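Working notes for the structure below.
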Amino acid sequence: MEPKRYYLSEKDKKIGGVCGGIAEYFNIDSLLVRVAFLLFVFCFGSGLVGYLVLWLLAPKKSELI
């Protein structure tokens, strides 16, 4: 069995696929992840930095194959 890995979503993305990838990893609705990122952006300011870091460092699924 292959270990579960996080990757950018290629089918459920609005900007970079970060939220879609997190939603696929945890098997939850991507809308919940997007709302959480927006809350972190507007309340704490760290959501945007976190999104950018994940976007730059996370592999695409096609790169893993």
Side-chain angles (χ1 to χ4, degrees):
M1 184 175 167
E2 186 178 325
K4 194 174 188 179
R5 294 189 60 180
Y6 168 73
Y7 55 88
L8 298 175
S9 177
E10 294 180 353
K11 60 183 177 180
D12 184 15
K13 69 180 196 176
K14 300 294 182 193
I15 298 174
V18 173
C19 294
I22 292 172
E24 289 174 12
Y25 183 83
F26 289 110
N27 198 25
I28 58 175
D29 187 21
S30 61
L31 180 62
L32 296 173
V33 179
R34 288 184 177 101
V35 168
F37 264 104
L38 284 175
L39 286 175
F40 277 104
V41 167
F42 290 117
C43 295
F44 306 110
S46 62
L48 184 60
V49 173
Y51 189 94
L52 292 174
V53 167
L54 285 172
W55 192 8
L56 292 172
L57 298 179
K60 294 180 182 176
K61 189 172 187 177
S62 60
E63 293 174 356
L64 298 175
I65 297 174

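A quick note: this is a predicted structure, and the numbers were derived from the prediction, not measured.
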Residues passing the side chain to side chain contact (heavy atoms under 4.5 Å, CB included) test with Val49, sequence neighbours excluded, are Val53
Membership question, hydrophobic clusters at under 4.5 Å side-chain separation (ILVMFWY): are Val18 and Leu32 in the same one? no
Q | Other residues, nucleotides, ligands: >12 heavy atoms within 6.0 Å of Lys11 NZ | A | no
Nearest heavy-atom approach of Val33 to Ile28 is CG2-CD1, 3.7 Å
**Message:** Any heavy-atom pair between the side chains of Leu48 and Phe40 that's under 4.5 Å?
**Reply:** no
Applying side chain to side chain contact (heavy atoms under 4.5 Å, CB included) to Val35 and not counting sequence neighbours gives Leu31, Leu39
Nearest heavy-atom approach of Cys19 to Phe37 is SG-CD1, 3.4 Å
Residue pairs passing the side-chain hydrogen bond (donor to acceptor under 3.5 Å, both in side chains) test with at least one member in residues 33-46, sequence neighbours excluded, are Asp12-Arg34, Ser30-Arg34
The complete set of side-chain hydrogen bond (donor to acceptor under 3.5 Å, both in side chains) pairs with one or both residues in residues 16-28, sequence neighbours excluded, reads Tyr7-Glu24, Ser9-Glu24
Ile15 meets the side chain to side chain contact (heavy atoms under 4.5 Å, CB included) criterion, sequence neighbours left out, with Tyr51, Trp55
| Any Ile22 side-chain heavy atom under 4.5 Å of Leu54 side chain | yes
Taken in chain and number order and not counting sequence neighbours, the residues that satisfy salt bridge (charged side-chain N to carboxylate O under 4.0 Å, His left out) with Asp29 are none
